Amino acid sequence: MSEQTPVPQATTSPADEHRRVESVEGAPRGSAFGRFMSSSAGRNVGLVVALLVLCVVGAATTGQLFVDVDNAMTILRYASVIGVVAIGMTFVVTGGGFDLSVGAIVALASIWSTTVATQTMAQDFHWIVMVFTAIAVGAGCGLVNGVLIAYGKMAPFIATLAMMAAARGLAEMISDKRTQLVDVQGFGDFFSGDFLGLPVLVWIFAVVCAVAWVLLNRTTFGRRTIAVGGNATAARLAGIAVNRHTVLLYVLVGVACGIAAVMLTARTSTGSAQHGLLYELDAIAMVVIGGTLLGGGRGTIVGTIFGVLIFSTLTNVFTLNNLDTSTQAVAKGAIIVIAVLLQQRVAARSDTS
Amino acid sequence: MSEQTPVPQATTSPADEHRRVESVEGAPRGSAFGRFMSSSAGRNVGLVVALLVLCVVGAATTGQLFVDVDNAMTILRYASVIGVVAIGMTFVVTGGGFDLSVGAIVALASIWSTTVATQTMAQDFHWIVMVFTAIAVGAGCGLVNGVLIAYGKMAPFIATLAMMAAARGLAEMISDKRTQLVDVQGFGDFFSGDFLGLPVLVWIFAVVCAVAWVLLNRTTFGRRTIAVGGNATAARLAGIAVNRHTVLLYVLVGVACGIAAVMLTARTSTGSAQHGLLYELDAIAMVVIGGTLLGGGRGTIVGTIFGVLIFSTLTNVFTLNNLDTSTQAVAKGAIIVIAVLLQQRVAARSDTS
Amino acid sequence: MTAETILQMSDIVKTFPGVRALDGVDLDVRKGEVHCLLGQNGAGKSTLIKVLSGAHQPDSGTITWQGERVRLNTPMAAMNQGIATIYQELDLVDGLSVAENIYLGHELAAAGFSRHGDTERAAGRLLERLGHPEISPQQEVGKLPAAGQQIVSMARALSHDVQLIVMDEPSAVLDQEEVGRLFSVIRDLTADDIAVIYISHRLEEIREIGDRVTVLKDGRTVATGLSAPDTPTSELIREMTGRDVEYAFPERGMTAEDAPVVLDVAGLSSPGDFTDVDLRVRRGEIVGLAGLVGSGRSEILETIYGARKAGSGSVTVDGRRIRPGSVAAAVNAGVGLCPEERKTQGLLLDEAIYRNVSLATLGRFARGGFLRRGDERAQAEQHVRALDVRPADVERTAGTLSGGNQQKIVLARWLLRECRVLLLDEPTRGVDVGARSELYALVRRLADEGVAVVLVSSEIPEVLGLADRVLVLSEGHVVHEGQADDIDEHQVLDLVMEGSAA
Amino acid sequence: AGALVVGCTSNEPEEEANAGGDGGEGGNAEPAGGNNEPGEEVTIGFSGPEADHGWLAAVTDSAVAEAESFEDVTLQVAEGTNDANLQISQIETFINQEVDAIVVLPSDGAQLTEVATRAMDAGIPVVNVDREFSSPDASRTTILGDNYGMGVTAGTYACQLIEENDIQDPVIAEIAGIDSLPLTQDRTQGFNDALDKCGQTVDNRVAAEFTVESGEAAASNLLQAAPQIDIIWNHDDDQGVGVKQAFDNAGRDEFFFIGGAGSANAMRWIKNGEMEATVLYPPTQAADGIRLARLLAQDKGMSDLVQEDVPRRIVLDAPLVTAENVDQYMHLGFES
Ligand SMILES: Nc1ncnc2c1ncn2[C@@H]1O[C@H](COP(=O)(O)OP(=O)(O)OP(=O)(O)O)[C@@H](O)[C@H]1O
Ligand SMILES: Nc1ncnc2c1ncn2[C@@H]1O[C@H](COP(=O)(O)OP(=O)(O)OP(=O)(O)O)[C@@H](O)[C@H]1O
Ligand SMILES: [Mg+2]
Ligand SMILES: [Mg+2]
């Protein structure tokens, strides 16, 4: 009874098909963990299947190489950086927005936090200065985006496209197009290290995911994000400061970019104006494949995590199989289509049952 | 009278601010040309101002160099190729869609129409074979996009992102990543030539614009496009075959890509898997800056033309002014923002007067 | 009845580009009363209450609340003063649960963390108070039917600690039983000295629940302080319309027994929604479907129209079977549907009125795909004028029209199409009395001209008064079929109840 | 630039020559003949691909620096782009401007041939840098890096390493640059051909995108794919920073690491023993191009050569930099 959809909409607007939300409708009352599991397993069953299929293919074609803790770590480390960006993007998209500037912000934040000035300060004080710098730069760029969109009434596509050009240009100007090596005491050691057997980068990603999940599903901020994205008029009439909230969302994704910049800086031990190339498309793709509705009103952190894992596992399996890049591109296109169609069929079946 | 926007929505959803359409509401009845001018001048007044300011800046900073027929031709020739893509994109966006694969389709079409096989056939018969091939390839890719989106219910972002990867990959596979030279009799002569004092490429663009304007504003197809983009459910309940129409829209943009591929092939006298890089973002930006609503329901060909001209003039003025690339990027970002804000203010003022 | 005045709005003016929606409106509301606001479609009722709720800023005029002049700059400011509003257009967020919608903007939270359990329990209590314990607070709102959503809107208003609740046509999507429940809630509220502003186009409701009436016409207050129970209907209508309107159903035509069957629905079923529906409509006949909200009437219409896939059964128009699941096939066979939700299913809100009207008829105005727009506009305008849409400017965008006028636009679409079969789903929802009787006359005239009409309405008197024959539905089954003359409202209600008990 | 190999056509015997100065950072080693004396004022247009990695940035920078070192040269730099359509319109703009000479590093040689021919027809000498036009009529002179030669040098050195260290069944890996660029194809071809001569093949190949980030990502996946590697050739030292970091992250150093292009970073690694060798691909070609363009525009010849006219074709050598000769090449290493 609880799963009827108004049919005319559902069959006409393709985007509507993508609806999924981690609200707890109809979920059996139980522990928070139980609910989390049921929401992730139940609603993301298509994604789970897609990921499993991918893993089976990986294992079948490369055997030992794929089924290996080190390889899992390779995938996870790789996934962590873009993953943090995708998590931030999930909020903006859920709130009805769009951010094309994430890659450029990552680049600018990485450059700004590895300038000679910042590194000297970090050397004198603590490497945490670099972290703060990166996050502040990300937040600042996000603020500009948000203000232009919320108060300047610019289309998100245009405002963030402008930021994309400007931030990367600024990064090039600051760095004079040079890659900036990091040699601050402790920075690399900390971020490249392990903690309880897992790489620190993966821990950061995990923490970001957990915080984001709570934020989206368990706080007023998260619920208001869905409201703003789903029906801005209703949100405004309910007394939500829609403009301010929109600004916050872009600041949030900016902060995520700042964190990702730190991670990337640590991973490559450099800041570069070329960091984060094409992150915007990848991140949005991961978010949308995960089931968040482009246009707003539905968002899922768990789905995004699956989206991130699917993409990075795909790349890994390709490389292990020594595939030529062109073939990779064609296969990637086909696999994305198959994964999404599969997910829809499975979701539809589990809905009606 | 004609520009009222429903206030509650308008003040909450930023995208709504961008509303403009070339309907003739309230326009004085007169000659078709008069109406065209009043619609383009009246509604696009902000864009006109932005373009004029750009031209004034260009003339002021570079004088003779900018104010020159040859320079105007240079701008136009450059604008023509991406312009054709942007015109196609206008339809998809108006119809509520999105196409990230345009650049890749241009590449694939250019490669396919310059393979040894095609060129041999063209040599034996006529170069028109190459044109047909390119358009057929474009239409085919568009068909796949459209079917996946309309009948497969995939989000346009995902389906066309997959096509973007696949089409470029395929282009690389076919060409073995080599640039393919054209040496078909007459092909280059025809497309690189002039006709009545204007380059043939510019003529093609002009014809595409005129056809598109009529199609969007004077035919049932255009009206249905606006309906499908504005409210797909209502369109469906009014008896419009929404799915079929959606497919047609993607085929249309595919055809536009095919034409652009021919133009680019002629201009570079090569087919290449690297053609059309980043066209997707540029084309969408031109469309949206022109005033077409991302999300559908409003579209303007004249606006898109202005968007195309603003972008290409900007690049030209930069080059003439000898700006450093990084500075150019920053300036470009700033100028886009200023242009859009300006356009909004001017439009708002002409509304209330 | 001389309780103190709690709200005084005076000389409120609000203009939109090109329209003066409010042109000096006065309104005063007393503690604990039900104050009814009447007026034709487009009179400015919704605009007035949006000014009151802080959603619109007035151009001039004053608002005095509990003796003090206030400025209500934002919806939050109004809520903080103790004014809650149920808007005419359901303003809920589909993706959130019932409980989350009810507490949106004033969440029960500790340091920003939602208190899930508390919210759901509190929401549950509110729903129970409204007589709907069956709506789960965890349910996603987008999956509720319109009536359920209206209940959630009401619960949301009640969730504030308020002195005044404004209800803009809350009964439009409710059936009689639901309206009864709503009224008992209103009585509870007024007993607690909470004032209610009540807007409805159903005059009998005003009489039943209202204390005093204010009438708006063309953005002005034309009468105020009228006694709701005692003022004669004819006087209210005269105040609203400025003329005398015959508020009655038109004379039934004589549908010949041997008139050809135009629409023939046989054994139509859709699992979960309705089963085995047989429906025959002759040329010139109006057949009404009566039943409670949720009895599957809309689904039947949508299935006939091809907007839903049927499980089994057939639909025949003029003896030819139409392809199931295809709207285009139905439209081509001459079937038209006025959908239940005009905003989401009917209109292109950003498009000009005439383009909305001509949407289903584009082919007729085209030659080789090219539109003859002069023709298109002229013919659309003709129908818009015939339906007395206000303002009658066909270049306006549909989104700026008042609710009732939007409904007329959708009707005009099918009038223009000259269809053989017209399916009307709640055609008078939100339509004012004047326009309503015009609509009735119009539907009857269409029937007399040979159109076969199927009418769904939650107002049983409307079905019984307008239709020739009625089918009573209960939970997806036809429980009665017969001439409209042979049955009265109580019998219908009894049938419905029996059906659901069985 | 330091090591120039000049040939009037590619068939003629190559002559060692010093085309004057060390280009690069604007240093002016005075050659004989006074070609560096200020002449008539000339405007030179320069158009290159998007400076999306250190090598290309260094190309642009050294070109600008070179132009600045001449007071008689005004340099017009067009926005770097990978869009052939845009680059064509930039050349058209230069033609409209009637600049005195044009230096083009095409995003793709074949694609710019037509417009370059038009420039030549308009009487503007064109200097073609790094990626060759498809017609000899399109440029007055061509300065080429030797991508195929780079691959050959790397491959030959790999063979040498195998022999010297007597590696049995060596696992050879290749980290390419942007795979769809013809120059990448050429490098790979050269590498394969050279390996073929000592009976070896590439076992694992991945492609990065000339950026640090992509280098790191490609290398980590490569390391995972091949648990034991003997020799890695990385096409590009820009992405090499990331590649190297991936090695460190994974704690792997069992292999010989050969680089490409010759960035300053790579040279420092060689000095520190963290890298075996790198194959030089100097980013000073455009600077040389500016120099030649100036001479062409001023109608001067190359007084340094016996045959004074500016040659039609200059192919740069792709020498190997190892610990032995790194000091000699240090000044050519570009900061990336
Ligand atoms: N946002 C708007 N922009 C322009 N005009 C508007 C807007 N909102 C309302 N109007 C106009 O203001 C007038 C009053 O509309 P309002 O919605 O208040 O009528 P109403 O009395 O509530 O009618 P109904 O009974 O049909 O709901 C109408 O003419 C309407 O077209
Ligand atoms: N309050 C409710 N809670 C949960 N489900 C409901 C509720 N009301 C109706 N439904 C379900 O929704 C489905 C369709 O309802 P819908 O309102 O469309 O029916 P309807 O007969 O067309 O009523 P209406 O006359 O209001 O259009 C029914 O299958 C019914 O079971
Ligand atoms: Mg109203
Ligand atoms: Mg219904």
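Because the structure is predicted, anything quoted here is derived from the model rather than measured. Proteins get letters first, then strands, A, B, ... in listed order; numbering begins at 1 in each.
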Undergrad: Give a yes or no on this: more than 12 heavy atoms of other residues, nucleotides or ligands lie within 6.0 Å of atom CD of Glu40(D).
TA: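 More than 12 heavy atoms, drawn from other residues, nucleotides or ligands, come within 6.0 Å of this atom.
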Undergrad: Chain D: which of Thr62(B), Asp68(B), Val81(B), Asn321(B) shares the most heavy-atom pairs with it under 4.5 Å?
TA: Val81(B)
Undergrad: Taking Asp72(D) first and then Arg294(D), would you say they form a salt bridge - that is, a charged N and a carboxylate O separated by under 4.0 Å?
TA: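 Salt bridge present between Asp72(D) and Arg294(D).
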Undergrad: Under 4.5 Å heavy-atom distance to chain D, tell me which part of Arg178(B) shows up: side chain, backbone, both or neither.
TA: side chain
Undergrad: With heavy-atom distances below 4.5 Å as the criterion, would you say the side chains of Arg168(B) and Leu108(B) are in contact?
TA: no
Undergrad: Please list, in residue-number order, every residue in residues 113-132 of chain D that has a heavy atom less than 4.5 Å from any heavy atom of chain B; write 'none' if there are none.
TA: Glu114(D), Arg118(D)
Undergrad: Check salt bridge (Lys or Arg N to Asp or Glu O under 4.0 Å) between Lys177(B) and all other residues, then give those that pass, not counting sequence neighbours.
TA: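 Listed in chain order: Asp324(A), Asp179(D).
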Undergrad: Please look at Ile75(B) and chain D and tell me whether the side chain, the backbone, both or neither of the residue comes under 4.5 angstrom of a heavy atom of that chain.
TA: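 Nothing of Ile75(B), per the 4.5 Å heavy-atom cut-off to chain D.
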Undergrad: Is the closest side-chain heavy-atom distance between Ile102(D) and Ile91(D) below 4.5 Å?
TA: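 Side chain of Ile102(D) against side chain of Ile91(D), heavy atoms only: contact under 4.5 Å found.
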Undergrad: Only pairs of heavy atoms separated by less than 4.5 Å count here; which of Ala110(D), Gly109(D), Ala78(D), Ala84(D) has the most with chain B?
TA: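 Among Ala110(D), Gly109(D), Ala78(D), Ala84(D), the one with the most close pairs to chain B is Ala110(D).
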Undergrad: Leu56(D) versus Thr60(D): any side-chain heavy-atom pair under 4.5 Å?
TA: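 The answer is no, as the side chains (C-beta and beyond) never meet within the 4.5 Å cut-off.
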Undergrad: Among Leu86(D), Thr74(D), Thr184(D), Ile95(D), who wins on heavy-atom pairs under 4.5 Å with chain B?
TA: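 Among the listed options, the one with the most contacts to chain B is Leu86(D).
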Undergrad: For Asp108(D), is there any backbone N or O sitting under 3.5 Å from a side-chain donor or acceptor partner on Gln87(D)?
TA: no
Undergrad: Considering only heavy atoms from C-beta outward, does the side chain of Leu105(D) approach that of Pro49(D) to under 4.5 Å?
TA: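 Side-chain contact under 4.5 Å: yes.
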Undergrad: Checking heavy atoms, do the side chain of Thr268(B), its backbone, both or neither come under 4.5 Å from chain D?
TA: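 For Thr268(B), heavy atoms of backbone and side chain both lie under 4.5 Å from chain D.
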Undergrad: Kindly indicate, with the supporting measurements, whether the criterion side-chain hydrogen bond (donor to acceptor under 3.5 Å, both in side chains) is fulfilled by Asp193(D) and Tyr148(D).
TA: CA-CA 9 Å; Asp193(D) 290 353; Tyr148(D) 181 81; 2.6 Å; yes
Undergrad: Select one option (side chain, backbone, both, neither) describing which atoms of Leu75(D) are under 4.5 Å from chain B's heavy atoms.
TA: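 Backbone of Leu75(D) only, per the 4.5 Å heavy-atom cut-off to chain B.
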